Amino acid sequence: MPELPEVETVRRGLAQSIIGKSFSSIDVRRRDLRVSVPGNLAAAIKGCRVEDIVRRGKYIVIFPEGAPAIILHLGMSGRVDILKGNSSGSKYKAQKHDHVIFTMNDKTKVVFSDPRRFGMLYLVSADGWENKKPFSAMGPEPLEPGFDGAVLEENLRGKKCNIKSALLDQNVVAGVGNIYACEALFVSGIHPERQAASVKGREAGLLADAIRSVLKKAIAAGGSSLKDYRKTDGSLGYFQHSFSVYDKESRKCAGCTCKDKCVQRIVQAGRSTFFCPVKQKKKAS
DNA sequence: CAAAGCTCCTGACCGC
DNA sequence: TGCGGTCAGGAGCTTT
């Protein structure tokens with residue numbers, strides 16, 4: 001379940017390994033992902049030098065010089081493996097779910113694999129990319145300076161759905177998914193069933209701070225590896241060991257002083273929510 | 001416009 | 001051991 005911290009970890013791995021290098025070949029083994037991999041991918045980027053790689057929400061955007069931007073989304077089970085040219089790259093043999101393999105001019109291989117094929121890899125013209133499809137309406141980056149309680153409150157205004165579901169809306173805040181929505185609500189002491197628009201003022205500030213701190217800690221840990229997620233060198237993230245409530249049904253919450261087995265699981269908008277009913281209050285404080 | 005429901009997909013897991 | 005059923009979940013689409 002790659003969310004912002006996992007995507008950021010992958011972005012950093014990519015940036016370190018391929019910025020300044022150019023694409024020498026692109027092998028598309030399977031096109032039918034969530035969005036079809038464009039037929040002109042190889043023709044569009046071959047020979048182009050990678051200038052920059054940025055992240056917006058859960059998307060990675062790669063900028064090859066003089067070419068369209070490559071939009072990459074890891075979906076549910078997507079993974080990027082980087083094989084250094086001098087060693088592992090030459091021994092690489094494509095696995096079942098390796099869909100797109102980029103080979104750089106120094107033989108480094110970038111392998112995009114995704115068993116469930118919820119991921120996406122497509123091209124958008126680099127000029128004005130931020131104003132196009134998924135990005136134009138996307139909410140603020142929670143780790144950028146402009147994000148605070150006032151901004152969050154504004155984006156929650158008028159929302160009648162519960163706060164947990166609202167946090168999953170990428171137009172409210174970018175990059176937060178199921179795990180970190182649960183974790184941030186716990187840290188801020190807000191009950192997941194609270195009406196979204198009722199979270200304002202001091203509480204909106206607490207929630208914004210909680211989102212930032214949880215995401216920062218997760219990035220520092222290299223993300224959370226539950227099933228499929230790996231860093232670009234194949235190693236595991238380890239933030240899953242630091243979850244306060246996520247996937248802890250009928251167990252103790254972080255720093256628990258409640259009766260034991262306090263963590264409850266409910267389903268909201270078809271997604272699991274984990275929370276502590278003792279520490280997360282239904283009434284605004 | 002908002003929000004809920006549905007869909008895509010496959011590996012993992014459970015119970016018999 | 002093997003098989004069928006269920007689940008997970010990001011985002012886009014459809015329905016209400």
Side-chain angles (χ1 to χ4, degrees), chain A residues 1-11 29-37 55-61 71-80 95-100 112-122 124 132-139 141-142 153-185 192-199 211 215 218 223-230 236-237 239-240 243 245-250 263 265-275:
Chain A
M1 298 116 239
E3 302 180 30
L4 188 154
E6 293 76 36
V7 177
E8 176 61 20
T9 303
V10 169
R11 186 200 68 80
R29 303 181 68 246
R30 183 151 190 173
R31 260 180 221 296
D32 56 334
L33 309 185
R34 183 75 156 78
V35 169
S36 188
V37 178
R55 181 190 52 74
R56 180 75 174 99
K58 298 172 194 169
Y59 291 80
I60 291 169
V61 187
I71 308 295
L72 176 64
H73 193 290
L74 301 176
M76 267 292 298
S77 56
R79 194 170 145 178
V80 173
Q95 304 296 302
K96 182 179 178 185
H97 300 296
D98 294 352
H99 305 313
V100 183
F112 174 50
S113 61
D114 183 5
R116 290 179 215 182
R117 310 213 309 282
F118 275 25
M120 305 177 233
L121 195 161
Y122 59 95
V124 163
K132 289 169 191 163
K133 278 186 272 183
F135 308 113
S136 54
M138 194 176 281
E141 281 297 322
E153 177 176 338
E154 174 61 31
N155 288 359
L156 293 173
R157 182 165 300 163
K159 291 224 170 274
K160 295 194 167 83
C161 66
N162 62 70
I163 184 65
K164 159 67 178 345
S165 299
L167 289 179
L168 298 184
D169 180 348
Q170 299 299 293
N171 296 338
V172 169
V173 53
V176 175
N178 204 42
I179 294 170
Y180 300 107
C182 293
E183 293 293 303
L185 285 170
E193 290 178 311
R194 287 271 304 284
Q195 189 197 74
S198 77
V199 178
I211 290 169
L215 294 176
S224 304
S225 290
L226 292 184
K227 290 182 182 172
D228 307 277
Y229 169 74
R230 291 286 187 288
L236 296 165
F239 191 71
Q240 64 278 13
F243 289 163
V245 287
Y246 185 81
D247 208 19
K248 286 174 132 0
E249 184 179 14
S250 298
V263 177
R265 174 184 177 273
I266 57 176
V267 174
Q268 297 178 290
R271 301 285 180 265
S272 293
T273 298
F274 299 89
F275 69 104

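Residue numbers start from 1 in every chain, and the chains themselves are labelled A, B, ... in the order their sequence lines are given, proteins ahead of strands. As the structure is a prediction and not an experimental result, all values here were calculated from the model.
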Any residue meeting salt bridge (charged side-chain N to carboxylate O under 4.0 Å, His left out) with Arg116(A), in chain and number order, not counting sequence neighbours:
Asp228(A)
Interface limits on DNA chain B, where chain A has a heavy atom under 4.0 Å of a nucleotide atom:
dA3(B) to dG11(B)
Partners passing salt bridge (charged side-chain N to carboxylate O under 4.0 Å, His left out) against Glu153(A) (at least two apart in sequence or in another chain):
none
List the residues meeting side-chain hydrogen bond (donor to acceptor under 3.5 Å, both in side chains) with Ser36(A), not counting sequence neighbours, and say none if there are none.
none
Please list, chain by chain and in numerical order, all residues satisfying side-chain contact (heavy atoms from CB on, under 4.5 Å) with Pro2(A), sequence neighbours excluded.
Glu6(A), Val7(A), Leu74(A)
Tyr229(A): partners by ring-ring contact (aromatic ring centres under 6.0 Å, His included), with sequence neighbours left out
none
Mapping Met76(A) and Pro134(A) onto DNA chain C by nearest heavy atom, which one lands closer to the 5' end?
Met76(A)
Can you list the residues that meet the salt bridge (charged side-chain N to carboxylate O under 4.0 Å, His left out) rule with Arg230(A), with sequence neighbours excluded?
none
For the helix from dA2(B)-dT16(C) to dC16(B)-dG2(C), what is the angle between the axes at its two ends, each from 5 pairs, rounded to 10°?
50°
Contact boundaries of DNA chain C with chain A (under 4.0 Å, heavy atoms), 5' to 3'?
dA8(C) to dG12(C)
Any residue meeting ring-ring contact (aromatic ring centres under 6.0 Å, His included) with Tyr59(A), in chain and number order, not counting sequence neighbours:
His73(A), Phe135(A)
Would you mind classifying the nucleic acid contact of Ser77(A) as base, sugar-phosphate or nothing, using non-hydrogen atoms under 4.0 angstrom?
nothing
Can you name the residues that form a salt bridge (charged side-chain N to carboxylate O under 4.0 Å, His left out) with Arg265(A), not counting sequence neighbours?
none
Name all pairs fulfilling the salt bridge (charged side-chain N to carboxylate O under 4.0 Å, His left out) condition that reach into residues 157-172 of chain A, sequence neighbours left out, sorted by first residue then second.
Glu154(A)-Arg157(A), Lys159(A)-Asp169(A)
